Structures are given as structure tokens and as C-alpha cells.
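Because the structure is predicted, anything quoted here is derived from the model rather than measured. Here is how names work: the chains are called A, B, and so on, in the same order as the sequence lines, proteins then strands, and each is numbered from 1.
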There are 2 protein chains.
Amino acid sequence: MRKDNRLSGVLHVLLHMAEHPGPMTSEMLARAMGTNPVVIRRLMAGLRERGFVQSEKGHGGGWTIACDLRAVTLLDVYEALGRPGLLATGNRTEAPGCLVEQAVNAALGDAFDEAEALLLRRFGALTLAALSADFHERLARRGGSTDLEKNHAA
Amino acid sequence: MRKDNRLSGVLHVLLHMAEHPGPMTSEMLARAMGTNPVVIRRLMAGLRERGFVQSEKGHGGGWTIACDLRAVTLLDVYEALGRPGLLATGNRTEAPGCLVEQAVNAALGDAFDEAEALLLRRFGALTLAALSADFHERLARRGGSTDLEKNHAA
DNA sequence: TTCTCATGGAACTTGATATGTTACGTGTGT
DNA sequence: ACACACGTAACATATCAAGTTCCATGAGAA
């Protein structure tokens, strides 16, 4: 099935912004992600509404982080995206009249609910600051160049 | 995102077959599921290859269960369907050069892997016989009518 | 003011994929 | 022969993330 990679994408954007002094334009971010500026703006819309980021128009404008990275979890980001479905599979019907299907739904539904709860728990336990710290650890281990852009160059 | 309901569907079919004496045609099963006979045949193709069910052509033909329900788990059924992806979300890229994305992928990937493993564990722990037993429990609790067909009537 | 930059948002296109449908071939029993 | 039922291919549909184009709006610079 087709995958939804918005959460992964928006986190990538946020960490890049965290490393960048001053605002980053949608165009810069799009280049870093190998995509289109409009896609970036769509991704960020929900985050802006929640006040996690801020946007300025005109010269010197762009996106800025507007929150404490230690206070925002991946769960917050996930919710800002509109809580997209996490599981690619589910029950055929809700509240079916067929007892056979009820039995199937009950068994599968339990498993699905647990898996979803697990993911949300994990998201809630991870802050953006933790992700950033992991990045800096990798950076130190690798050599220390902070020139992120070149890692995205084609 | 669009959901894949094949596992739910194929289990529904199997339990109906288990309750039905003699073969069931794709047409009967399709009516019970509110779908098309060809869809049923597609669903069953993998199960037939694995020997979980058997099909006969011509008069009096149709589908028959060809395995011990106590020996087949939902995991077996899931694999017979070709192991469709369970999660609706994932990482934007595999093995990215960008350290930021590596950090994101590592964090999310761990959570995704755990959720998937949890689902597979649950599938492996549930046999078709267990599902069938659950159905019979519901049936006894509700009244005892075994006329399943009418529960599907429009 | 006028020009350029950058976001905001609508509308359209694309690609992937589960599901639905039609059509035809093959084999089986009456 | 004939009707039944599976097997398969081919095509249609629906959904949705992702990509793209276009224009409006607002902010700073010349």
C-alpha cells in the first residue's frame, strides 16, 4: 500500500530549521527534502496553527521554530498533522450485523488498537530535543561538519 | 489513506466456510461479504496455494477448508495474502545521506518496527479455531440461530 | 511608489493500490 | 450437449499522498 511519510518529512524539516540560524524559506527546505516548496507549506500549515513554528513573508522571511524543543513531542507533531491513520489495514466494516464478522473484528481490532496505542506512546515519549540530541551525537561521531546542505546535493 | 482490508475479509470468508457443511461457491461467499465473486477468488488464491483451502469446479463445486483450524494462525493467513504492509506510515527514505534524516529514521523506525512486531506476534498467537470459538460464544449468547445468511441480507 | 521576495491557498495532475466489474477459458458433473 | 463453477486477464473506479501551476497578499528594499 501507499505510505504516508508526512511525519517523517515534517520532523526532517523541523530539525533542519533547528540547526539553521534565522528563518528558512520553503524553497530552501524543499531543496533539502528533494521536493516542492508548496509541499513544505502544506506540511507546516498545521504546525503553524499550533504555534510550533512561525512564518514571515517578504524579504528575509521564511519559517522559524517558535517553541521549546524540549516541550514538544512527536505526538504533538503527529496531531498537528491531523492524526493521519497509522495502520495500513483494518476491519472491513464497523458494527457489522454478522456475528462471524464481529468475532473477526474483535480479534483484529484489539491487535490494531494495541499497535496504534504503542505508536502513540512512543511518539509521546520522544521530544524534538531528543531527536536533535541524537542528530548531534551522530554529527560528532562522523566528523563535525555542520554543512548539512551538501548531504542533500544531487 | 486507503486501507487494506484483505485480512479481515479473508478471515470472514474462512469462518463462514467453517460453519457451512459442504463446499461454498464464490458466489455464495460474495453475497455474504457484499462483494463480487472474483474478489473472493483473488482473496483465496494464496490460501489455496498453501493448502489451507481447496477448490472444486463444476456442479457441487466451490471452496472447502482443507486444514485443521487449530493449526493455522492469523499469521499463516496473513502470509498467504503476501504479507501486505501493516503500517500506513514510514520513513521518507531508506539509508539517507543526511544525518538529520538518519536521526529521524532511527527514532521512527524503532517505533514502527515494534508496532509491526507486536501485530505479527498477536497474529501468530491466534488460531482460526480460536476465532471460531469466539464466534460460537457470541452465537450462544445471542440466541442460537445458525442462519448466518440472513444477517447479511440487505 | 514600484519591484522583488516569500507565504497562503486553490486547483489540477500524477502515481500507487485496493476494490469492483466484465469477459473468456477450462474443467467437472448432470 | 449443457449448465455450473473456478482461473485469469483486462479494464474501470475510488482514494489519497505527493507533485505542480497559478495567482493573490503582504513585507521589505530600491
May I ask you to test the [X]-[Y] pair for a side-chain heavy-atom distance under 4.5 Å?
X	Y	result
T73(B)	Y78(B)	no
K3(A)	L87(B)	yes
L131(A)	V100(B)	no
D68(A)	L128(A)	no

Please round to 10 degrees the angle between the axis of the first five pairs and the axis of the last five pairs in the helix from dT1(C)-dA30(D) to dT30(C)-dA1(D).
10°
When you list every nucleotide of DNA chain D with an atom under 4.0 Å from a heavy atom of chain A, which one comes first 5' to 3', and which comes last?
dA17(D) to dG28(D)
Side chain T89(A), main chain L86(B), donor-acceptor under 3.5 Å
no
Whether the side chain of Q102(B) engages the backbone of P96(B) through a donor-acceptor N/O pair (distance < 3.5 Å, no angle test) should be reported.
yes
Hey, are N5(B) and S8(B) close enough side-chain-wise for a donor-acceptor pair under 3.5 Å?
no
Comparing nearest nucleotides in DNA chain C, the 5'-proximal residue of the pair G58(B), H59(A) is H59(A)
Using a 4.0 Å cut-off to any heavy atom of chain A, which nucleotides of DNA chain C are the first and last in contact, reading 5' to 3'?
dT4(C) to dA18(C)
Hey, can you pull the donor-acceptor pairs under 3.5 Å for the side chains in residues 33-57 of chain A, sequence neighbours left out?
from   : atom 1 : to     : atom 2 : distance (Å)
N36(A) : OD1    : V38(A) : N      : 3.0
R41(A) : NE     : S26(A) : OG     : 3.3
Q54(A) : NE2    : E56(A) : OE2    : 3.4

Could you identify which residues of residues 39-50 of chain B place a heavy atom less than 4.0 Å from some atom of DNA chain C, listed by residue number, or say none?
V39(B), R42(B)
With nearest nucleotides of DNA chain D determined for V38(B) and G60(A) from heavy-atom distances, which residue corresponds to the more 5′ nucleotide?
V38(B)
Which residue lies toward the 5' end of DNA chain D, K57(A) or S26(B), if each is placed at its nearest nucleotide?
S26(B)
For a quick test of reading the model, state the closest non-hydrogen atom pair linking [X] to [Y] and the distance between them.
X	Y	result
M17(B)	M24(B)	CA-SD, 3.9 Å
R92(A)	G9(B)	CD-CA, 3.2 Å
R70(B)	A129(B)	CG-CB, 3.5 Å

Distance-only donor-acceptor hits, side chain of residues 105-118 of chain B, under 3.5 Å, sequence neighbours excluded:
from    : atom 1 : to      : atom 2 : distance (Å)
N105(B) : ND2    : T93(B)  : O      : 2.7
E114(B) : OE1    : R122(A) : NH1    : 3.1
E114(B) : OE2    : R122(A) : NH1    : 2.1

Looking only at the aromatic ring of each residue, does the gap between the centers of H16(A) and H12(A) stay below 6.0 angstrom?
yes
